[in-house]
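Written below as C-alpha cells is the structure these notes are about.
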Amino acid sequence: MSFARRIADAIGVRASGSPPRPPEWAPAPVESAAPRPTLEWQIATVTRIVPETARARTFTLQLPNRRPHRAGQHYDVRLTAPDGYQAQRSYSIASEPERAGEIDLTVELIPDGEVSSYMHGVLEPGDRIELRGPIGGYFVWQASQPEPLGLVAGGSGVVPLMAMLRHRAAASGRQPARLLYSSRTSDDVIYAAELARLPAAGDGAEVFQTLTRGAPEGWSGFTRRIDAEMLREVFAPLGSDVRIFVCGPTLLVESVADALVAMGVPAERIKTERFGPTGS
Ligand SMILES: Cc1cc2nc3c(=O)[nH]c(=O)nc-3n(C[C@H](O)[C@H](O)[C@H](O)COP(=O)(O)OP(=O)(O)OC[C@H]3O[C@@H](n4cnc5c(N)ncnc54)[C@H](O)[C@@H]3O)c2cc1C
C-alpha cells in the first residue's frame with residue numbers, strides 16, 4: 001500500500017460513509033480552546049480541486065478557524081501515518097486575503113514526493129486535512145506599499161506571487177507591478193488564463209514569461225533561463241525604488257538574487273523564498 005494511501009486510511013479523510021476515526025492528532029475543539037497567540041493545527045475540509053496544469057492542482061480549503069493572512073504567507077500541512085510517522089510541508093496561500101472563509105493552496109506534484117503525491121493522488125472534495133497557519137512575516141507584501149512591485153517566479157514559486165497580484169487587484173492597488181515567470185513549457189504555466197487576462201485590466205500590472213524547454217509556434221515571450229539581461233529588461237523600467245520578491249526552486253532564487261544585486265538593486269529591497277532543493 002502506498003504511503004499516501006496509508007496516511008489516508010489512518011486519518012480517515014473521507015467525509016462520506018462511516019464516520020472517520022478521529023485522528024489522534026486532532027486539535028482540541030475550537031470552542032473549548034482558550035485564545036492563544038500560537039498557531040494551532042486545525043482540520044480543514046477540501047471543498048474544490050482545480051487542475052491548473054498536468055502537475056499542479058489548486059485545493060480550496062475551508063478552515064474552522066481561519067485567521068486573516070497576508071499575501072506571501074503559507075500554511076503547513078501535516079500528514080500522519082498509522083505507525084505515527086508524520087510528514088509536514090509548507091504550501092503558500094494562493095488566494096488573496098480579501099477572500100472570506102476559505103483559502104487556496106496550489107500544489108505541484110513532485111515524483112515520489114510524500115506529501116504532494118498524497119494531495120494529488122488521494123485527496124478529493126469533502127476530504128479533511130490537517131494544517132496550521134498563516135505562517136511567515138518576511139516574504140509578505142501589502143497593497144498599501146506604494147513602491148513599484150517586481151515579482152520573479154520559477155515553477156510553483158508563482159503561487160505566493162499570485163496571491164500578491166490578486167491582493168493588489170482586490171485592493172485596487174495602482175503601483176506598477178511586473179511579474180517575470182519562468183516555466184519549462186507552455187503546458188507548465190500555472191494560472192495561465194488568469195495571467196493572460198491581467199494586463200487587460202489596465203491597472204499597471206504586466207506579465208513577462210520565459211519558457212526554458214521549448215516554446216510553441218507564435219510564442220512572443222522569452223525562451224531561456226532567467227539571466228541578468230532579462231532581469232534588466234523587465235525590471236529597469238520600474239525604477240530604483242522597486243521592491244522585488246523572488247520565489248521558486250533554490251538554484252533559480254539564488255541566481256536571480258545574485259544577478260539583481262549585481263545590477264545594483266539594494267539587497268534589502270529583494271525578498272526571497274526557496275521552495276525546493278532542485279533547479280531542474
Ligand atoms: C515556505 C514554502 C512554501 C512552499 N509553497 C509551495 C507551494 O505553494 N506549492 C508547491 O507545490 N510547493 C511549495 N513548497 C514546497 C513544498 O513544501 C514541498 O517541498 C514539496 O511539495 C515537495 O514535498 P513532497 O513531500 O511532495 O516531496 P518530498 O518527499 O519532500 O521530496 C521528494 C523528492 O523531491 C525533492 N523535492 C522536494 N521538494 C522539491 C521541490 N519543491 N522541487 C523539486 N524537488 C523537490 C526532494 O529532494 C526529494 O528528492 C513550499 C516550500 C516552502 C519552504
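Ligands are counted one by one from 1 in listed order, and the atoms in each one are counted from 1 as well.
- Between Val115 and ligand 1, a contact under 3.5 Å exists for at least one N or O pair.
- For ligand 1, the atoms sitting less than 4.0 Å from at least one non-hydrogen atom of Gly276 are 39 (C), 40 (C), 41 (N), numbered in the order shown with element in parentheses.
- At under 3.5 Å, a nitrogen or oxygen of Ser116, whether backbone or side chain, sits near a nitrogen or oxygen of ligand 1.
- Between Arg274 and Glu254 there is a salt bridge, since a side-chain N of the basic residue sits under 4.0 Å from a carboxylate O of the acidic one.
- Using modelled atom types and a 3.5 Å distance limit, the side chains of Tyr85 and Glu114 yield a donor-acceptor pair.
- Taking only non-hydrogen atoms, the option from Gln73, Arg89, Arg57 nearest to atom 28 (P) of ligand 1 is Arg89.
- Close approach of ligand 1 to Val107 (heavy-atom distance below 4.0 Å) involves ligand atoms 11 (O).
- Distance check, rounded to the nearest 0.5 Å: OG1 of Thr272 to CG of Leu252 gives 11.0 Å.
- Shown in contact with Glu273 at under 4.0 Å from a heavy atom are these atoms of ligand 1, numbered in order with element: 1 (C).
- The cationic group of Arg166 lies under 6.0 Å from the six-membered ring centre of Tyr191 and within 45° of the ring axis, placing it in a cation-pi geometry.
- Using modelled atom types, one finds a donor on one side chain and an acceptor on the other under 3.5 Å when comparing Thr58 with Thr106.
- Counting heavy atoms closer than 4.0 Å to ligand 1, residue His74 contributes side-chain atoms (C-beta onward) but none from N, CA, C or O.
- With hydrogens and angles disregarded, no donor-acceptor distance shorter than 3.5 Å links the side chain of Gln88 to the backbone of Val77.
- Of the N and O atoms on the side chains of Asp188 and Thr185, at least one donor lies less than 3.5 Å from an acceptor on the other residue.
- Within the listing of ligand 1, atoms 24 (P), 25 (O), 26 (O), 27 (O), 28 (P), 29 (O), 32 (C) sit less than 4.0 angstrom from a heavy atom of Gly113.
- For ligand 1, the atoms lying closer than 4.0 Å to a non-hydrogen atom of Val159 are 8 (O).
- Nearest-residue assignment for atom 42 (N) of ligand 1 (options Asp104, Ile110, Val77, Thr106; heavy-atom criterion): Ile110.
- Ligand 1 is never approached by Met119 to a heavy-atom distance shorter than 4.0 Å.
- Counting heavy atoms only, Tyr91 comes closest to atom 20 (C) of ligand 1 of the residues Tyr118, Tyr91, Phe139.
- No hydrogens or angles considered: nothing links the side chains of Gln62 and Thr45 as a donor-acceptor pair under 3.5 Å.
- Remark: ligand 1 atoms within the under-4.0 Å shell around heavy atoms of Ser156 are 10 (C), 11 (O).
- A cation-pi contact links Arg78 to Trp41, judged by a cut-off of 6.0 Å to the six-membered ring centre and 45° from its axis.
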